[in-house]
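Here is the structure we will look at.
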Amino acid sequence: MLFLYKKTFIYQGMNCIFELSSFSYRAINISIERMREIITTITGKEELVKFTKPILKLPKIDELFLILHQLILENKDGLNREELLYFFIDALIAHAADIKIEEIAFSEASKENLLLAKSYLEKNFASTVSLEELSRRCHLNKYTLIRYFTKYFGVAPYQYLQTIRIKEAKELLSNDKELLSISLKVGFSDQSHFTRVFKSLIGITPKQYQGIFKQ
């Protein structure tokens, strides 16, 4: 069981009401079998690692935990959720475990495998893409795929998938298509998610972008 504790400070108007003793927490329960599977994929060793630091105060790990927790609650973005789980456990091992993750040699064969993954994402951007399927298609284990895709292309597989979807959406928006239809056509489960991702990458909402072509 993994916990994140946060102390909350509550401010209310001009009365300056602060609540200093209140704490909130988030928890993720990972089964022993699942943890063993992930750690074996990351380390190549079929054993559980010993975490020597039960308490960590690292903002980056906190941020990963909160995003991962929210994705688990929402039960969507499976590829993103799986990626973040591996990134999170990798960070925990790096900062709090009794073993060191060995660098995996990157070869021309590995490069070809990554290109297979990239090509698969480009051809299937409108579908639900799982890390399991992507790993199988490019003949790399999940951790190696995530780690070296990110290292080689500069973005994780899920981030790359989102850029492809937004690129396709821009083409459709220029032809004055209906927003909900566009969001579904390029692989988003709902319009609000599409709008958030579009704005985070382009800087304006899909509707604002669409308005440029109406002027």
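Predicted model, so just to flag it, every value in this text is computed and none were measured.
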*Find the distance between CD1 (Ile61) and CG (Leu66) and round it off to the nearest 0.5 Å.*
12.0 Å

*Connected via hydrophobic side-chain network under 4.5 Å: Ile67 and Leu161*: yes

*Evaluate side chain to side chain contact (heavy atoms under 4.5 Å, CB included) for Ser192 paired with Arg196, printing each intermediate quantity in order.*
CA-CA 6 Å; Ser192 61; Arg196 288 196 303 272; 3.8 Å; yes

_Grouping I, L, V, M, F, W and Y whenever their side-chain heavy atoms are under 4.5 Å apart, do Leu184 and Ile164 come out in a common cluster?_
no

*Do any pairs count as a ring-ring contact (aromatic ring centres under 6.0 Å, His included) and have a residue in residues 181-205, sequence neighbours left out, and if so which ones?*
Phe188-His193, Phe188-Phe194, Phe194-Phe198, Phe198-Tyr209

*side chain to side chain contact (heavy atoms under 4.5 Å, CB included) partner of Phe88, chosen from Ile93, Leu64, Ile38*: Leu64

*asked:* Suppose we screen for salt bridge (charged side-chain N to carboxylate O under 4.0 Å, His left out). Which residues come up paired with Lys151, at least two apart in sequence or across chains?
replied: Glu103

*Among all residues two or more places apart in sequence or in another chain, which pass the ring pair (Phe, Tyr, Trp, His ring centres under 6.0 Å) test with His139?*
none

_Distance check, rounded to the nearest 0.5 Å: Gln210 atom CD versus Ile204 atom CD1?_
10.5 Å

*Just how far is it from atom OG1 of Thr163 to atom CZ of Phe125, taken to the nearest 0.5 Å?*
11.5 Å

*Measuring from Gln208:CD to Lys199:NZ, what's the distance to the nearest 0.5 Å?*
6.5 Å

_How long is the straight-line distance from OH of Tyr158 back to CG of Leu131, given to the nearest 0.5 Å?_
13.0 Å

_Nearest heavy atoms of Leu121 and Pro157, plus distance in Å_ = CD1-O, 3.7 Å

*Single-linkage hydrophobic cluster Ile166~Leu180, side-chain heavy atoms < 4.5 angstrom*: no

_Side chain to side chain, Phe149 and Asn113, heavy atoms closer than 4.5 Å_ = no

*Mark yes or no for whether Thr150, through its side chain, and Ile146, through its backbone, hold a donor-acceptor pair below 3.5 Å.*
yes

*asked:* Can you tell whether the side chains of Glu33 and Arg36 come within less than 4.0 Å, N to carboxylate O?
replied: no

Residues 49-56, side-chain donor-acceptor partners within the protein, below 3.5 Å, at least two apart:
{"from": "Thr52", "atom 1": "OG1", "to": "Ala96", "atom 2": "O", "distance (Å)": "3.2"}
{"from": "Lys53", "atom 1": "NZ", "to": "His95", "atom 2": "O", "distance (Å)": "3.4"}

*In terms of heavy-atom contacts, does CD1 of Ile32 have more than 12 from other residues, nucleotides or ligands at under 6.0 Å?*
no

*asked:* Can you tell me which residue among Ser200, Pro206, Ser183 is in a side chain to side chain contact (heavy atoms under 4.5 Å, CB included) with Thr195?
replied: Pro206

*Start with the C-alpha distance between Phe65 and Leu84, add both sets of side-chain angles, then the distance that settles side chain to side chain contact (heavy atoms under 4.5 Å, CB included), and finish with yes or no.*
CA-CA 8 Å; Phe65 186 99; Leu84 283 175; over 6 Å; no

*Excluding sequence neighbours, so at least two apart, what forms side chain to side chain donor-acceptor pair (under 3.5 Å) with Glu133?*
Arg136, Arg137

_For Ala117 versus Leu134, what's the shortest heavy-atom pair and its separation?_
O-CD1, 3.7 Å

*Taking it one step at a time, do Leu73 and Gln70 satisfy side chain to side chain contact (heavy atoms under 4.5 Å, CB included)?*
CA-CA 5 Å; Leu73 285 180; Gln70 188 61 36; 4.3 Å; yes

*Quick one: pull up CE in Met35 and CG in Leu92 and give me the separation to the nearest 0.5 Å.*
7.0 Å

_salt_bridge(Glu171, Lys167) N-O dist < 4.0 Å_ = no

*Looking at Arg81 and Asn75, what are the two nearest heavy atoms and their distance?*
NH1-C, 3.7 Å

*Taking all heavy atoms of Lys185 and all of Leu172, pick out the closest pair and write down the distance.*
CD-CD1, 3.8 Å

*Provide the closest heavy-atom pair for Ser130 versus Leu79 in the form atom of the first, atom of the second, distance.*
C-CD1, 4.3 Å

*Is Val186 linked to Tyr120 within one hydrophobic cluster, defined over Ile, Leu, Val, Met, Phe, Trp and Tyr using a side-chain heavy-atom separation of less than 4.5 Å?*
yes

*With side chains defined as the heavy atoms from C-beta onward, is the minimum distance between Leu85 and Arg34 less than 4.5 Å?*
yes

_Least distance between heavy atoms, Tyr152 atom then Lys111 atom_ = OH-CE, 2.6 Å

_Taking Ile39 as the starting point, is it possible to reach Ile30 by hopping between hydrophobic residues whose side chains are less than 4.5 Å apart?_
yes

*Can you list the residues that meet the salt bridge (charged side-chain N to carboxylate O under 4.0 Å, His left out) rule with Glu132, with sequence neighbours excluded?*
Lys142

